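Following: one structure in structure tokens, then a few remarks.
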Amino acid sequence: SLRHLLPGAAEATAARRGGGGGGGARLCNFNTQHKHEPASFDAWMAVLRATPRATLTLKRPGSAAVVADIEAEAAARGGDARRRIEWADKLPSRDAHLQRVANECDAFLDSWMYGAHMTGADALWAAVPLLTIAGYGHGARPAGFAGAGGGDGDGGGDLFGRADSR
């Protein structure tokens, strides 16, 4: 499970970059909310519980009701994760977004069922570690391809988690 890998990787990156505003890792996921399936969200909340000073920045949905739903889901998973979710508003340009990723994100947490495509590429371009699971469906694989050239030849070796067989 990535729950044990993520806190250490994120904290190490936060230390390298000088830490977040509260001294913890600044985690992010800028995917649209329809990609936030329960298994990924469960793992993200477990990471927040395991890293008490970390924050998780998500792309702000267009609806206040969706923000409230996501915050309620975070609260239902325990701990103080709800207050540590930060919302990123849409920026006026792609360059501004890339600067935000580079300056405000210590680790990108990918969603699993439908993984990061351009948002994952943005994180890698900004030298932000991208933590993902190489899935089996077409939509779950793009971020996992980033490690295809490393490790033991099966998609990144120890750098990537593996989805369970279906």
Side-chain angles (χ1 to χ4, degrees), residues 1-3 5-14 17-133 135 139-144 146 161 163:
S1 167
L2 289 178
R3 287 178 220 181
L5 170 67
L6 297 179
E11 292 295 346
T13 304
R17 290 178 177 247
R26 300 167 301 173
L27 310 172
C28 65
N29 179 292
F30 295 112
N31 291 338
T32 55
Q33 284 68 44
H34 72 274
K35 293 184 178 184
H36 300 178
E37 85 287 344
S40 295
F41 198 75
D42 287 344
W44 299 347
M45 296 303 102
V47 169
L48 288 180
R49 286 191 306 272
T51 53
R53 295 180 312 181
T55 58
L56 174 62
T57 301
L58 300 174
K59 180 179 178 180
R60 182 181 298 279
S63 162
V66 175
V67 170
D69 286 347
I70 292 170
E71 290 178 346
E73 288 294 327
R77 284 161 171 83
D80 65 345
R82 179 180 181 173
R83 74 169 181 77
R84 292 189 290 133
I85 293 176
E86 298 176 353
W87 298 103
D89 292 315
K90 184 172 178 149
L91 295 175
S93 71
R94 180 162 174 76
D95 287 343
H97 167 69
L98 293 172
Q99 285 299 314
R100 172 173 55 198
V101 173
N103 295 326
E104 299 177 19
C105 187
D106 295 317
F108 184 98
L109 306 182
D110 197 10
S111 50
W112 302 346
M113 295 286 291
Y114 191 81
H117 292 72
M118 281 308 300
T119 56
D122 293 346
L124 294 174
W125 175 87
V128 172
L130 187 150
L131 302 161
T132 191
I133 290 180
R141 292 192 305 254

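All figures in this text were calculated on a predicted structure; none of them were measured in a lab.
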For the atom pair OG1 (Thr32) and CG (Leu58), what is the distance rounded to the nearest 0.5 Å?
-> 11.5 Å

Residues 54-103 vs ring-ring contact (aromatic ring centres under 6.0 Å, His included), sequence neighbours excluded, gives Phe30-His97

Value rounded to 0.5 Å, distance of CG in Leu48 from CZ in Arg77 = 11.5 Å

Could you tell me which non-hydrogen atom of Ala75 sits nearest to which non-hydrogen atom of Arg82, and how far apart they are?
-> CB-CD, 3.9 Å

Could you tell me which residues satisfy salt bridge (Lys or Arg N to Asp or Glu O under 4.0 Å) with Glu37, sequence neighbours excluded, listed by chain and number?
-> none

Rounded to the nearest 0.5 angstrom, the CZ-CZ distance for Arg26 and Arg53 is 13.0 Å

With the side chain counted from C-beta on, respond yes when Lys59 and Asn29 share a heavy-atom pair under 4.5 Å apart, and no when they do not.
-> no

Decide yes or no on side-chain contact (heavy atoms from CB on, under 4.5 Å) for Gln33 and Ile70, but give the supporting numbers first.
-> CA-CA 9 Å; Gln33 284 68 44; Ile70 292 170; 3.5 Å; yes

Which atom pair, heavy atoms only, marks the closest approach of Asn31 to Ser111?
-> ND2-OG, 3.2 Å

Do Arg94 and Asp122 meet the salt-bridge criterion of a basic N to acidic O distance under 4.0 Å?
-> yes

Nearest non-hydrogen partners of Trp44 and Asp110, listed with the distance = NE1-O, 3.4 Å

Asp106 side chain reached by Val128 side chain, heavy atoms, under 4.5 Å = no

Could you list the residues that satisfy salt bridge (Lys or Arg N to Asp or Glu O under 4.0 Å) with Arg100, not counting sequence neighbours?
-> none

Nearest atoms (heavy-atom pairs only) where Val67 meets Pro61 = CG2-CD, 3.5 Å

Separation of Leu131 CG from Leu109 CG (nearest 0.5 Å) | 6.0 Å

Would you say the side-chain atoms of Ser93 pair up with the backbone N or O of Ala96, donor to acceptor, closer than 3.5 Å?
-> yes

Which of Thr55, Thr57, Val47, Ile85 passes side chain to side chain contact (heavy atoms under 4.5 Å, CB included) with Leu27? It is Val47

Which atoms form the tightest heavy-atom contact between Ala123 and Val101, and what is the distance?
-> CA-CG1, 3.9 Å

Give, for atom CD of Glu86 and atom CD of Glu104, the distance between the pair rounded to the nearest 0.5 Å.
-> 8.5 Å

